[in-house]
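In what follows, every chain begins at residue 1, and chains take the letters A, B, ... in the order their sequences are listed.
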Amino acid sequence: MLVKAILLGFVGVIGVMDSRLLGRSNLEQPLVMSCLVGLALGDLTKGLIVGASLELVFMGMANIGAAAPPDLVLGSVIATAFAILSHTNAQTALTIALPVAILGQMLAIVVRMFISTFNRWAKTAIDEGKFAKARHYHILWGSLLYAGLYFILVFLSVYLGTDLVKNVVAMIPKWVTDALTLASKILPAFGFALLMQTMLTKKTMVYLLLGFFITAYAKMSVTGVAIFAVLLVLVLNEVLPKKQTAHTEQTADDDLEEL
Amino acid sequence: MSVAQNVPKLTQKELKKRYWSFVWRSYAIQASWNYEGQMNLGFMYGIAPIIDRIYGDGRPETLEMKKEAYKRHLAFYNCTPQTSAFVLGITASMEEEYARKPDEFDPNSINAVKSSLMGPLSGVGDSFFQGTIKILAFGLGITFAKQGNILGPILAVLISVVPALLVTYYGGKFGYSAGNTFLKKLTAEGIMDRAMYLVTIVGLMVIGAMIASMIGITTPLHFGKAFSLQKTLDSIFPQMIPLAFTFFMYWLLQKHVSTGWILVICIVLGLVLSPLGIFA
């Protein structure tokens, strides 16, 4: 069991690295994950069949935006392993896949909050001129953190048994889940504020609000707003007097420097 | 004055290497995905080779500019990896242009361009790769796999990978070369500042739209059945709470509260306000 648990742990690592390092090349999909689990456990056919039915369930869940969806990788790896090891069918596997996927989703929220602190550490590293260290927070520590987490989770649930996973999920009180979800919604607001800081002035505040209210009232997508913004800017380009806007102050500065 | 004068032009071979680096670094952009900046560290990692090359001469004043450039790209960023290569390409050309003409070029406009591109490109990218291509690839894959045929997952991955690689490679290449020609034209016509101002407008409008669509904090507060605070707020204007939170964070930043503290505040707010039933 130890060897199998380690092998499956690595399958989990492949799954999470697909979206971290390989631009989400769909290796993380249940069909591929279950197939790899089947290969690792020596029952490819069953892996494929369980994979096909899990894929049908999960296919609609595209990871879009900031919200963390149920975790496909953990769900499909552990469920397929369970189906093969305990000789049950795909339907039973599904009942394991969902709670595991939800547990994975919650852990992902915590990890992603923790990684937010990397931003400060990276900034400090840059200030100290340690550029490689700053890059390593991303490419090395970020990847290792995700890989380690998935390895441990898969390894433990296969090694200790899926019942344990089910019990853990049942133990988490709802208020904890809700509180984490709210915190994960507040953090992007901070991200947007940081972004505004470099661009927003009293004069341009109106454009931020314009974009906001178009979407708030008309529910227009970000792409839609971007299209209108570009058109608006083309109109402004016609309307605004040439050699105006920020240009006047800027040229004055330039002239001074040339003197 | 300009630091980029001493930087040699890229040879054809080096250019090709750079485009492949765009591919790898776009694919690896999510390695440190986090709530605060999302793919910001990933973007910093992506643009790092370009910055290292521009500001690589080791003089103290160049070092300061290099630090500035690194920090510039810690700003919030989020985009589908495949379409992100295009943004990386454009940004690379802008960084080089800024290094060539530091007096004419407002570096803040670099982040404005990134912000105005990331929303639309995520929209297009997600619906194409996570929608169309994935459904196509795995729809086919499932039919094979159901019969226990290993071609199922293999075909599904091949169909997913090939178009994604093409879009990423040519996106980065096109972004970089188009950025270069376009920026040259802008400087030649002397309308750089104006263009930067207009780009900032697009960026801000897109950020406004993202605040209204991507945060989604609501309040479950209500008194009896008759009064629901959310409904009242919505009747004033929708998405008021996300806007209020964003401006609260912005206000904290203006007050020079350190970002570490703001991060703590965010998490504490979540842990306190949710159990109290004020926000969800």
Side-chain angles (χ1 to χ4, degrees), chain A residues 19-23 25-26 31-32 35 45 48 51-52 55 62 64-65 112-113 115-116 118-120 126 135 138-139 142-143 175 178-179 182-199 204 207-208 211-212 215-216 222-223 225-226 229 233 245-247 250 254, chain B residues 27-28 30-32 34-37 41 45 48 67 70-71 75-76 81 108 111-112 119-120 123 126 130 138 141-142 145-146 148 153 160-161 193-194 197-198 200-202 204-206 208-215 217 238-239 245-246 249-250 253 260 263 266-267 269-271 274-275:
Chain A
S19 58
R20 298 308 103 189
L21 295 179
L22 298 175
S25 296
N26 289 342
L31 187 61
V32 183
C35 168
T45 320
L48 285 167
E55 185 67 50
I64 293 169
R112 287 160 187 205
M113 278 182 185
I115 295 182
S116 296
F118 282 18
N119 288 318
R120 255 147 303 285
I126 294 168
R135 293 195 300 271
H138 171 73
I139 198 67
S143 313
W175 73 266
D178 290 347
L182 178 61
S184 76
K185 285 177 180 174
I186 297 176
L187 284 166
F190 177 34
F192 291 136
L194 280 168
L195 197 55
M196 279 149 59
Q197 207 188 11
T198 59
M199 292 190 249
T204 52
Y207 299 107
L208 180 90
F212 172 82
T215 299
V222 175
T223 312
V225 171
V233 153
T245 64
H247 203 247
Q250 205 74 34
D254 287 351
Chain B
Y27 270 30
Q30 300 200 74
S32 62
N34 63 88
Y35 282 113
E36 182 191 318
L41 290 164
Y45 175 72
K67 287 180 184 173
Y70 260 80
K71 282 195 270 188
F76 178 98
N108 285 337
N111 276 333
D126 282 348
Q130 300 303 313
F138 284 84
I142 288 172
K146 263 187 184 158
S160 307
V161 166
D193 290 322
R194 188 186 176 85
Y197 179 69
L198 295 176
T200 307
I201 292 178
V202 179
L204 283 171
M205 280 184 71
V206 170
M210 290 196 289
I211 294 170
S213 60
M214 284 170 62
I215 298 177
I217 302 171
Q239 301 296 335
F245 265 103
T246 312
M249 299 298 159
Y250 183 69
L253 284 170
L263 189 69
C266 287
I267 293 171
L269 280 179
L271 295 178
S274 166

Calculate, to the nearest 0.5 Å, the distance between atoms [atom1] and [atom2] belonging to [X] and [Y] respectively.
{"X": "A/K185", "Y": "B/M214", "atom1": "NZ", "atom2": "CE", "answer": "13.5 Å"}
{"X": "A/Y207", "Y": "B/I201", "atom1": "OH", "atom2": "CD1", "answer": "4.0 Å"}
{"X": "A/I186", "Y": "B/L263", "atom1": "CD1", "atom2": "CG", "answer": "11.5 Å"}
{"X": "A/S184", "Y": "B/N34", "atom1": "OG", "atom2": "CG", "answer": "12.5 Å"}
{"X": "B/I142", "Y": "A/L48", "atom1": "CD1", "atom2": "CG", "answer": "12.0 Å"}

Picking from [options], which has the most non-hydrogen pairs under 4.5 angstrom with chain A?
{"options": "B/S160, B/A112, B/P238", "value": "B/P238"}
{"options": "B/M205, B/M249, B/M210", "value": "B/M205"}
{"options": "B/G148, B/A31, B/G37, B/A28", "value": "B/A31"}
{"options": "B/G119, B/P81, B/S213, B/P153", "value": "B/P153"}
{"options": "B/L271, B/T200, B/I211", "value": "B/I211"}

Heavy-atom pair count under 4.5 Å with chain B, highest-scoring of [options]:
{"options": "A/G142, A/C35, A/S25, A/A179", "answer": "A/A179"}
{"options": "A/R135, A/M196, A/R120", "answer": "A/R120"}
{"options": "A/T223, A/V32, A/L194, A/L21", "answer": "A/L21"}
{"options": "A/N119, A/D178, A/T45, A/T204", "answer": "A/N119"}
{"options": "A/G191, A/S116, A/A189", "answer": "A/S116"}

Shortest non-hydrogen contact from [X] to [Y]?
{"X": "A/I115", "Y": "B/S32", "result": "CG2-O, 3.2 Å"}
{"X": "B/P275", "Y": "A/W175", "result": "CG-CE3, 3.8 Å"}
{"X": "B/C266", "Y": "A/L187", "result": "CB-CD2, 3.5 Å"}
{"X": "B/V206", "Y": "A/V222", "result": "CG1-CG1, 3.6 Å"}

Between [Y] and [X], is there a side-chain heavy-atom distance shorter than 4.5 Å?
{"X": "B/F138", "Y": "A/N26", "result": "yes"}
{"X": "B/I215", "Y": "A/F192", "result": "yes"}
{"X": "B/L253", "Y": "A/F190", "result": "yes"}

Checklist line | Heavy atoms from other residues, nucleotides or ligands near NZ of B/K71 exceed 12 (cutoff 6.0 Å) | finding: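 Yes, because the 6.0 Å sphere around NZ of B/K71 holds more than 12 heavy atoms from other groups.
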